[in-house]
Amino acid sequence: MDIKRTKSEKVFNVFNICFMVLLIIVTLYPLWYVLIASLSNPISVARGAVRLLPDNIELDAYRNVFTQTQWFDGREINVIWTAYGNTIIYAVVGTAINMIFTILAAYPLSKMRLAGRKIITIFFLFFMWFSAGMVPTYFNFQRLGLLDTRMAVLLAFVINPFFIILMRTFFENIPNEMEESARMDGASDWVILTRIYLPLSTAAIATLTMFYFVGRWNAFFWAMLLLRSPTLVPLQVVLRRLIVEAQFALEHIDIADNISVQTLIYATIVVAVIPMLAFYPFVQKFFVRGIMVGAIKG
Amino acid sequence: MQSFQKTSDYKLTIQQRYIKTALLVLAAISVVALTFLIFSSWVTVSSVVLGYESSFNLFQLRSMVNQVNATRDPSSHVNPMGIFQSRAIFYQIWGGLTILLMFGYIFLIFKNHRRSLLTGVLAFSSSILLTFVYINDVFNTNGELALRGRIFDEHFLSVTPIVFIAMIFSLVCLSVSISVTAKYFCGRPIPEKQKRIYVTQAGKKIGLGSRFSRALNRDKLLYMMLLLPVSYYILFYYLPFDGLRMAFYDFSLLRGYGDFIGLEKFREFFMSDMFWRVLRNTLLLNIYTLLWSFPMPIILAILFNELRNKKFRTLAQTISYIPHFISTMVIAGLVLNLLSPTTGLINNIRGIFGQESIYFIMMPEYFRTIFISQHIWTTIGFGSIIYYSSLQSIDTELYESATLDGAGRFKQCIYISLPSISRTIAIMLIMAIGGLLASNVDMLVLLQQPVTHEVSDVIGTYLLRLSHLGPGETLGRLPDFSQATAVGLFNGVVACFLVVSANKVSKIVGDVSMF
């Protein structure tokens, strides 16, 4: 069909494209600025000479980031690498735990025949609406002897009830005949789950894994409350000291002496963000699909 | 008057239309009243509109009481608030009656009784009258301006809770009646529940116990699978509930549970100046965030939809999702860096134009703007996905016929795109309202400084400082776990109420439920 382009339409298009370009700039420029500032000479950054491209490139800031050490328990530990290692452990192992728990909860609940299905679902959902609160939860961790241990972070808030429901809905949409025919052949529930249901729902599993993984990688609140030892804390908690507190401290000291602190902060941000952004183009479509599954189901 | 019945057809009689209009007007009035209540904290509308010299401000009432009592001359025997002494019984009876009427109204409306409307009108008018009389008394004791130099005696303080409970009750009743009416007018017909009867092959009925043992036997493995998550939930979500006792006992780390003090810690919290501050900040920060950052993804999704160049659109979309993947911590770091007075980008740019640099993060007047801006930056792209996907499902024929009718692109947006996704918008809005009390504690705790507490301190961050669990500075006294638990419990109960009722409403309006 030949659509006549009126004048107002052209104006609209131009406005729209301008807006999009603006959006892209607003989204990317802060990140780009941090990158080029971290690569530049600290004095250029302080002078405000860094705008679009790095000025007097030097990598001192990165060298400083990776060589920061801290004494703990009679040992010298490398701050960033220890934290990175911890984050990888928490993210990988934690995501695995998340998925196991979510699937184990979602599969039985997807079976209409299960007696007490509704009560158990409500039991899960109840804690989504109402939890005991921060202080009692903290004391519960203390009572279980989990304070300042890796297990605390791995086990804290592993299941998102909303994802249980998503997974359950996905399982429910797999035709029941599959299960019945497998049962004819003498398969148990466990075999049916692992051999039929899981292979059929790889898309949903991939999506949820991504969601959990990003959540795990970026989580800091409870890790901050539950962990004290520098050998255990994940990257995000260390960043708090290296980025946020350093920034506040920076404003109260003589800038001439600490001019390189600013680029150090920028370099730390880059180091913290790089893995997620490198990972991002590959998983982006999973996220979009996951959100849409959620949108259709409600 | 016709009684309420569940009807399956959508045709309304004239009477029903009147009720609908009346209820909508009532709802609008209540919304306006609530907004007035909240916004009066800084606009002091009352002083402008009502002509009083000093404004009546619920959020500062308690601190006013403290101020006035502190300056009170102990030798003075005159008690201008004496009116509350003589009227205390009158208030208590009236308040009690109103609450009773409200109860009756709720009871009747659920029974679909034909007297429910009459009772509702009586109950609402009674509570509105009570509120007016109360406010009149507060302002106008002995015909003078009320709040200047008044002494708030114990009678006033004993009357106030009753009036407030009646007010809150009438708001609850209003929401119930709105939801019932919404269900009545917009809801789908509810199918009759069929009772399941379990019989053996011989036709004998099976009891509950044996039915359960049969099910257990049949689905052994399924129950064993559930064992792991259920025990996890019991261990990490159910066991902490035992800790709620702390709110009702005098708890300290050294002695453990001390004396039973009942609701003392709650009273202490409600009566402190802190209560109004954190409640106001929680509500205001969330309402502002909702107002500014809720429409953004919708606008963005529509603009995405209007982009004709597919490659450019995909690029823009992909880039706009990026902030969602950056952690709270890094975003906080970015914000602090870019706003830094010495080296920050924003102040650099201001420097070019010869402006002085501003230490933004230390200025209370900028805090909300900063917080909301970063929230928009983080959520705009990812939030647009859901709207964009529902825009994609619109029939293109609609646009084509609109073009034939001479509608421009802008008109198409207004008359086709927006109405088509209105249901998604309504559901997302209701969900957002449900989360009104669950503010971003993790972001706030990173961005706030003692200087900005006046606008940045919300319930969650106050709780962290109270219990010394957080990383930042504390209240400068020993951790008060009892009060922190009480604060958390209050927050949890209200938040839970909001979420559940939001879910109920979205179930009625959109036939969609989150759970």
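In what follows, chains carry the letters A, B, and so on, assigned in the order in which the sequence lines appear, proteins first and then strands, with residues in each chain numbered from 1. Values reported hereafter were calculated over all heavy atoms of this structure, with side chains retained and with hydrogens, waters and symmetry mates removed.
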Taking only residues two or more places apart in sequence or in another chain, which ones pass side chain to side chain donor-acceptor pair (under 3.5 Å) with B:Gln483?
none

Between chain A and each of B:Phe236, B:Trp377, B:Tyr232, count heavy-atom pairs under 4.5 Å; write down the option with the most.
B:Tyr232

B:Ile361 versus chain A, heavy atoms under 4.5 Å apart: side chain, backbone, both or neither?
side chain

Closest-packed option against chain A by number of heavy-atom pairs under 4.5 Å, given B:Thr328, B:Leu463, B:Val230, B:Leu489:
B:Val230

Quick check for you: to the nearest 0.5 Å, what is the distance between B:Ile326 atom CD1 and A:Asn218 atom CG?
9.0 Å

In terms of heavy-atom pairs under 4.5 Å with chain A, the winner among B:Met246, B:Met428, B:Met225 is B:Met225

For chain A, which candidate among B:Asn347, B:Leu498, B:Leu300 shows the most heavy-atom pairs at distances under 4.5 Å?
B:Leu300

Exercise: identify the closest heavy-atom pair between B:Gly460 and A:Met134
O-CE, 4.5 Å

Does the side chain to side chain contact (heavy atoms under 4.5 Å, CB included) test come out yes or no for B:Glu306 and A:Asn13, once each step is laid out?
CA-CA 8 Å; B:Glu306 293 298 324; A:Asn13 273 337; 5.9 Å; no

If we only count heavy atoms from C-beta on, is the B:Phe325 to A:Val273 side-chain gap below 4.5 Å?
no

Does A:Phe123 have its ring centroid less than 6.0 Å away from the ring centroid of B:Tyr238?
no

Main-chain N/O of B:Leu226 paired with A:Tyr107 side-chain donor or acceptor, under 3.5 Å
no

So, applying salt bridge (Lys or Arg N to Asp or Glu O under 4.0 Å) with B:Asp219, which one of A:Arg113, A:Arg183, A:Lys111 is it?
A:Arg113

Given that the side chain runs from C-beta out, which part of B:Ile352 has a heavy atom under 4.5 Å from chain A: side chain, backbone, both or neither?
side chain

What part of A:Leu239 lies closer than 4.5 angstrom to a heavy atom of chain B: side chain, backbone, both or neither?
both

Counting N and O atoms only, with roles assigned by atom type, does the side chain of A:Asn16 sit under 3.5 Å from a partner on the main chain of B:Leu303, one being a donor and the other an acceptor?
yes

Hey, would you say the B:Phe481 and A:Phe139 ring centroids sit under 6.0 Å apart?
yes

Stepwise, does the ring-ring contact (aromatic ring centres under 6.0 Å, His included) test hold for B:Tyr237 with A:Phe126?
CA-CA 10 Å; B:Tyr237 284 80; A:Phe126 174 74; over 10 Å; no

Given the options B:Gly488, B:Gly243, B:Pro229, which has more heavy-atom pairs under 4.5 Å with chain A than any of the others?
B:Pro229

Report which part of B:Tyr387 has an atom under 4.5 Å of a heavy atom belonging to chain A: side chain, backbone, both, or neither.
neither

Show the numbers, then the answer: is there a salt bridge (Lys or Arg N to Asp or Glu O under 4.0 Å) between B:Lys220 and A:Asp189?
CA-CA 9 Å; B:Lys220 251 182 298 189; A:Asp189 281 313; over 6 Å; no

B:Tyr233 vs A:Phe101, side chain to side chain contact (heavy atoms under 4.5 Å, CB included): CA-CA, chis, key distance, verdict
CA-CA 10 Å; B:Tyr233 262 81; A:Phe101 275 57; over 6 Å; no

Which class fits the ring pair A:Phe211 and B:Phe382: parallel under 30°, tilted 30 to 60°, perpendicular over 60°?
perpendicular

Answer with side chain, backbone, both or neither: which region of B:Val487 has an atom nearer than 4.5 Å to a non-hydrogen atom of chain A?
neither

So what's closer than 4.5 Å to chain A heavy atoms on B:Asn309: side chain, backbone, both or neither?
neither

Between B:Leu464 and A:Phe221, is any pair of side-chain heavy atoms under 4.5 Å apart?
yes

With chain B as the partner, which of A:Leu114, A:Asn140, A:Thr27 has the greatest number of non-hydrogen pairs under 4.5 Å?
A:Asn140

Of all heavy-atom pairs between A:Pro30 and B:Leu334, which one has the smallest distance, and what is that distance?
O-CD2, 4.3 Å

Which value, rounded to the nearest 0.5 Å, describes the distance between B:Leu221 atom CG and A:Leu193 atom CG?
10.0 Å

Between CZ of B:Arg313 and CD1 of A:Ile17, what distance do you get to the nearest 0.5 Å?
12.5 Å

Do you know which of B:Leu239, B:Thr485, B:Val335 has the most heavy-atom pairs with chain A at a distance under 4.5 angstrom?
B:Leu239

